[in-house]
Student: 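Just dropping this structure here.
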There are 2 protein chains.
Amino acid sequence: MTETEALIRLLLADDHPVVRAGLRAVLETEPGLTIVAEAATAEAAVTRAAEGDIDVVLMDLQFGKGMNGAEATAVITARPGAPRVLIVTTYGTDADVVPAIEAGATGYLLKDAPPEDLAAAVRTAAAGRSTLAPTVADRLMNRLRAPRAALTRRETEVLALVAEGLSNQAVGRRLHLTEGTVKSHLAHVYAKLGVDSRTAAVAAATDLGLIRR
Amino acid sequence: MTETEALIRLLLADDHPVVRAGLRAVLETEPGLTIVAEAATAEAAVTRAAEGDIDVVLMDLQFGKGMNGAEATAVITARPGAPRVLIVTTYGTDADVVPAIEAGATGYLLKDAPPEDLAAAVRTAAAGRSTLAPTVADRLMNRLRAPRAALTRRETEVLALVAEGLSNQAVGRRLHLTEGTVKSHLAHVYAKLGVDSRTAAVAAATDLGLIRR
DNA sequence: CCGCGCGTCGATCAAAAGTTAGAGCCCGGC
DNA sequence: GCCGGGCTCTAACTTTTGATCGACGCGCGG
């Protein structure tokens, strides 16, 4: 009772009941941690986190419906005195990690982390320091070494349609562009990605997380 | 004590500690169910399931390393007096469901299922009857209605390389074929998938789970 | 034994994609 | 107010891809 160390109060945000139960089982036996609430949607997590009695939010990135975890993280961390947000998700792909961290997440763990790592990460997050799963850290390092071949909005739009199998002409119709313009955008994409065909561009962009699926 | 209903003995096979803890938390409070073992790898699940004291195996499909859940299911269900295998996984894509069922799984649930559905599915599986998550069932129905455009081994090989962005010539070199033969295979693929370009074929085949990533 | 699916190869022709080299417009930052 | 980046468009040219043939050997099952 004379401890200066306060209890770390947690909010679990995940749409899977099983995962929430698992996190609860793993974390509530830890000394110094207490789970004060659960949320099954990102929206619920946002409103609950605003009540001010939470120190760390464990946030999934994928929710079945509505807002995603990164968006929720951005909203939560925007207000003063906000809790720390620790991302706990299944996959650590390039495309997921960066937006989450930009949104203000304090750490990023994969769900296959052993329980002790999880608890340690929660304590680290509560103290305001960062934790990154090793595989995620690797990915980030690679990202920094080989700086993102940023595509412009238009280039991404064009490439996304190409990835669905549309021809240049079809892409042009869809975006109200001439076939020539589509070719022009694609030529820039090829140069940026270091490839020389649409299919190779789709493969490269998918690997880099620049487009989905 | 005069109950004729026996206890249903469970084995949890999942490489995520959190998920195992969650399943345990959800299921061990259920009357008539008891969890006798956990396995963090598919191999471990196979050996543990062979010991004969298990009624139902809850099996994940993706394991970080080694054998996957479908292969493990095939091995487990191959022996006489084998336990039932209930697939409990995150995603229910076309590509996952069919192999798992062919491997002898009794049911297929998604991890976002509510706890009561999970327990019900375990009891159903123990009784030897099947359970399919609604979204999974939908997929299977679609599959049956639009019968799989099965690609031959060679066609799949060619298409996989095309998906990585290789040209026909490059594919030919890689597989020791002439460019003409590659074109011939691709022409067949296009006909089967109902498309008319390599990029569209890659998109369609990815959707159907005929090729990876 | 014969047919059929598969895998292989070839050739031609037409269409799509990719290359190159421009040029004009709009907007935001210096 | 000028400059540059992003976006749009044009045009001619080359390469790749796809369509459509036809052909051969091989293995497997009726």
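Residue numbers start from 1 in every chain, and the chains themselves are labelled A, B, ... in the order their sequence lines are given, proteins ahead of strands. As a basis for the values below, the full set of heavy atoms in this structure was taken, side chains included, without hydrogen atoms, waters or symmetry mates.
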Student: Return the value, rounded to whole Å, for the distance between atom NZ of Lys192(A) and atom P of dC7(D).
Tutor: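 Rounded to the whole Å, the gap is 8 Å.
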Student: Rounded to the nearest angstrom, tell me the gap between atom CG in Leu159(A) and atom P in dC7(D).
Tutor: 14 Å
Student: Nearest whole angstrom, please: distance from the C1' of dT12(C) to the CD of Glu179(B).
Tutor: 14 Å
Student: Distance check needed: dG7(C) C1' versus Leu175(B) CG, whole Å only.
Tutor: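 Answer to the nearest Å: 12 Å.
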Student: Just the rounded figure in Å: distance from P of dG5(D) to NE2 of His188(A).
Tutor: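 After rounding, the gap between these two atoms is 12 Å.
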Student: It should be established whether Tyr190(B) places a side-chain nitrogen or oxygen under 4.0 Å from OP1 or OP2 of nucleotide dG18(D).
Tutor: yes
Student: Would you please say whether a donor-acceptor pair under 3.5 Å links the side chains of Thr181(A) and Ser184(A)?
Tutor: no
Student: Can you measure Leu186(A) atom CG to dC9(D) atom C1' for me and round it to whole angstrom units?
Tutor: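 Taking atom C1' of dC9(D) as the reference, CG of Leu186(A) is at 15 Å.
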Student: OP1, OP2 of dT8(D) versus side-chain N and O of His185(A): anything below 4.0 Å?
Tutor: yes
Student: When the distance from CD of Glu155(A) to P of dG18(C) is rounded to whole Å, what number comes out?
Tutor: 15 Å
Student: Send over the distance from Asp196(B) CG to dT17(D) C1', rounded to a whole Å.
Tutor: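 Nearest whole value for this atom pair: 11 Å.
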Student: Check this one for me: any side-chain N or O of Ser184(B) less than 4.0 Å away from OP1 or OP2 of dT8(C)?
Tutor: no
Student: Does Glu51(A), at its CD atom, have more than 12 non-hydrogen atoms belonging to other residues, nucleotides or ligands within less than 6.0 Å?
Tutor: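 Result for CD/Glu51(A): enclosed.
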Student: Taking 4.0 Å as the cut-off, does a side-chain nitrogen or oxygen of Ser167(B) come that near to OP1 or OP2 on dT16(D)?
Tutor: no
Student: Between Arg153(B) and Lys183(B), which is nearer to the 5' end of DNA chain C once each is assigned its nearest nucleotide?
Tutor: Arg153(B)
Student: Applying the side-chain hydrogen bond (donor to acceptor under 3.5 Å, both in side chains) criterion to Asn168(B), which one of Arg198(B), Glu179(B), Lys183(B) satisfies it?
Tutor: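 Result for side-chain hydrogen bond (donor to acceptor under 3.5 Å, both in side chains) with Asn168(B): Arg198(B).
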Student: Looking for any heavy atom pair under 4.0 Å, which part of the strands does Gly180(A) touch: base, sugar-phosphate only, or nothing?
Tutor: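 Contact class for Gly180(A): base.
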Student: Could you go through Asp53(B) and Arg48(B), starting from their C-alpha distance and side-chain angles, then the distance that decides it, and tell me whether this counts as salt bridge (Lys or Arg N to Asp or Glu O under 4.0 Å)?
Tutor: CA-CA 9 Å; Asp53(B) 60 341; Arg48(B) 189 59 187 78; 3.0 Å; yes
Student: Please pick, from dT8(D), dT19(C), dG18(D), the nucleotide with the shortest atom-to-atom distance to any side-chain atom of Leu177(A).
Tutor: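 Ranking dT8(D), dT19(C), dG18(D) by closest atom to the Leu177(A) side chain puts dT8(D) first.
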Student: Give a yes/no on whether any side-chain N or O of Arg198(A) is located under 4.0 angstrom from OP1 or OP2 of dG18(C).
Tutor: yes
Student: Are any of Asn168(B)'s side-chain N or O atoms less than 4.0 Å away from OP1 or OP2 of dT16(D)?
Tutor: no
Student: Do any side-chain nitrogens or oxygens of Ser197(B) fall under 4.0 Å of OP1 or OP2 in dA16(C)?
Tutor: no
Student: Does the side chain of Val18(B) reach to within under 4.5 Å of the side chain of Val88(A), using non-hydrogen atoms?
Tutor: no
Student: Would you mind telling me which residue lines up with the more 5' stretch of DNA chain C, His176(B) or Thr199(A), judged by nearest nucleotide?
Tutor: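 Taking each residue's closest nucleotide, the earlier one in sequence belongs to His176(B).
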